[in-house]
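Remember, it's a predicted structure, so these values are computed and weren't measured experimentally. In each ligand, atom 1 is the first atom listed, and ligand 1 is the first ligand listed. Numbers here simply count residues along the sequence, with the first being 1.
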Amino acid sequence: MATVQEVTSESAFQSGISSLPPSTLAVFYFHAPWAAPCKQMSVILSTLASTYPANAPITFLALDAEELPEIAEQYDVSAVPFIVLQRGGQVLETVSGSDAAKVRAAVEKYAGAGSGEAKTSLPPAQTVNKPPQTNGADTNGAKNLAGYAPNASDPKTAPDYSSGDTETNKEELNTRLSELVKAAPVMLFMKGTPSAPQCGFSRQTVGLLREKGIRYGFFNILADDEVRQGLKEYSDWPTFPQLYVEGELVGGLDIVREEFENDPEFLNEHSVNGQKGGPGAASAQTQAPVAS
Ligand SMILES: N[C@@H](CCC(=O)N[C@@H](CS)C(=O)NCC(=O)O)C(=O)O
């Protein structure tokens with residue numbers, strides 16, 4: 001049966017894909033070790049892979065988006081989990097977030113169904129009735145409810161918010177937010193991505209961080225309305241961007257700009273040239289894509 005192969009270097013990736021027959025469907029799975037939803041997606045993908053025989057014209061490759069930033073950038077990975085389906089060098093489809101049914105439907109659309117003898121049960125492939133998108137500006141459709149409210153977009157299995165679950169859902173959301181704000185030592189919650197900001201305030205904040213050589217992770221709040229609205233309440237801060245250092249809110253663009261003006265040492269230890277750089281500090285700025 002087919003398995004998911006972890007790719008550990010760019011050269012391994014390049015030689016791996018260049019040796020694929022043009023008819024083989026390649027499924028690239030970008031993940032990050034700290035992103036809880038990736039744990040679930042890893043299980044989903046190995047289960048899905050196991051439904052195909054080893055000699056089927058399909059290959060599953062897993063890539064750590066932070067370890068392999070150039071490949072992640074090449075495929076516009078702005079959030080993890082992120083799945084790319086490619087054949088003959090052409091990207092056919094991408095799936096952002098960890099909706100198992102969506103991933104399975106996409107793979108089956110291009111590779112046909114596997115034997116159906118999955119190691120563990122998978123949700124059936126289905127056309128998901130998505131609720132209306134609240135953010136038209138979402139660039140990649142990323143919506144990461146998985147791990148917190150699986151299949152929330154499926155009306156048959158979506159949690160019933162009217163039946164007294166509200167407190168639990170809020171707790172789950174707050175747990176998720178408290179993890180997200182600490183996902184990297186410096187975390188920027190912004191509209192869009194550093195390479196394609198969707199709002200002038202976010203663009204200027206990215207510009208400042210870049211100018212100062214700060215290493216940071218980012219989260220595109222346009223891709224997740226739950227995080228967008230939840231974070232306002234969680235941090236009692238009504239707008240974006242929001243910059244966090246070690247999980248603590250610094251503020252928006254105005255505050256960040258003020259901090260840089262008033263304190264030449266501000267975020268210095270997180271800069272590429274910072275004294276406390278540690279391993280990897282000499283490398284280029286890290287913009288860790290964060291689960292969204
Ligand atoms: N003065 C603010 C400007 C930020 C701002 O006004 N952001 C607005 C427009 S991009 C916002 O996030 N509104 C709430 C929302 O869109 O959810 C700052 O320093 O960050």
Side-chain angles (χ1 to χ4, degrees), residues 37 76 78-80 96-97 130-146 148-149 152-153 161 166 169-268 270-271 285-292:
D76 283 332
S78 61
V80 286
S96 189
K130 272 184 99 59
Q133 278 279 5
T134 43
N135 53 77
D138 176 0
T139 48
N140 59 14
K143 182 94 176 118
N144 180 16
L145 295 162
Y148 303 94
S153 54
Y161 290 96
T166 321
N169 289 321
K170 194 145 189 187
E171 250 172 60
E172 280 174 4
L173 177 60
N174 282 340
T175 306
R176 181 179 175 205
L177 294 175
S178 69
E179 283 166 3
L180 271 183
V181 296
K182 286 187 251 146
V186 180
M187 272 298 294
L188 180 66
F189 291 77
M190 61 177 293
K191 292 189 176 179
T193 63
S195 52
Q198 303 285 321
C199 149
F201 301 112
S202 290
R203 178 177 295 113
Q204 290 180 61
T205 309
V206 164
L208 272 175
L209 296 174
R210 187 170 289 149
E211 184 190 318
K212 307 286 180 186
I214 310 300
R215 299 151 60 92
Y216 64 100
F218 70 90
F219 186 100
N220 176 7
I221 53 107
L222 294 179
D224 194 321
D225 204 54
E226 240 190 350
V227 172
R228 179 180 184 171
Q229 302 312 335
L231 210 50
K232 291 178 189 174
E233 198 179 324
Y234 178 86
S235 295
D236 198 14
W237 193 268
T239 55
F240 292 94
Q242 293 185 10
L243 189 78
Y244 292 78
V245 178
E246 313 290 359
E248 295 290 324
L249 176 69
V250 174
L253 170 64
D254 295 343
I255 307 279
V256 172
R257 183 181 280 140
E258 254 175 60
E259 292 282 358
F260 277 125
E261 279 168 9
N262 297 339
D263 177 6
E265 301 286 299
F266 180 58
L267 297 184
N268 204 25
H270 300 288
S271 76
Q285 173 178 308
T286 310
Q287 290 170 344
V290 166
S292 78

The side-chain contact (heavy atoms from CB on, under 4.5 Å) partners of I255 (sequence neighbours excluded) come to W237, V250, E259
Does E233 CD have over 12 foreign heavy atoms under 6.0 Å away?
-> no
So does E248 have more than 12 non-hydrogen atoms from other groups sitting under 6.0 Å from CD?
-> no
Between the main-chain N or O of K191 and the side-chain N or O of S202, is there a donor-acceptor pair closer than 3.5 Å?
-> yes
Given the side-chain rings of F189 and F240, with only the six-membered ring counted for Trp, is the space between their centroids under 6.0 Å?
-> no
Collect the protein residues that have a non-hydrogen atom under 4.0 Å from ligand 1 and hand them over in chain and number order.
-> K191, C199, F201, R228, K232, P238, T239, F240, P241, G252, L253, D254
Closest contact, heavy atoms only, R228 versus L222 = NH1-CD2, 3.5 Å
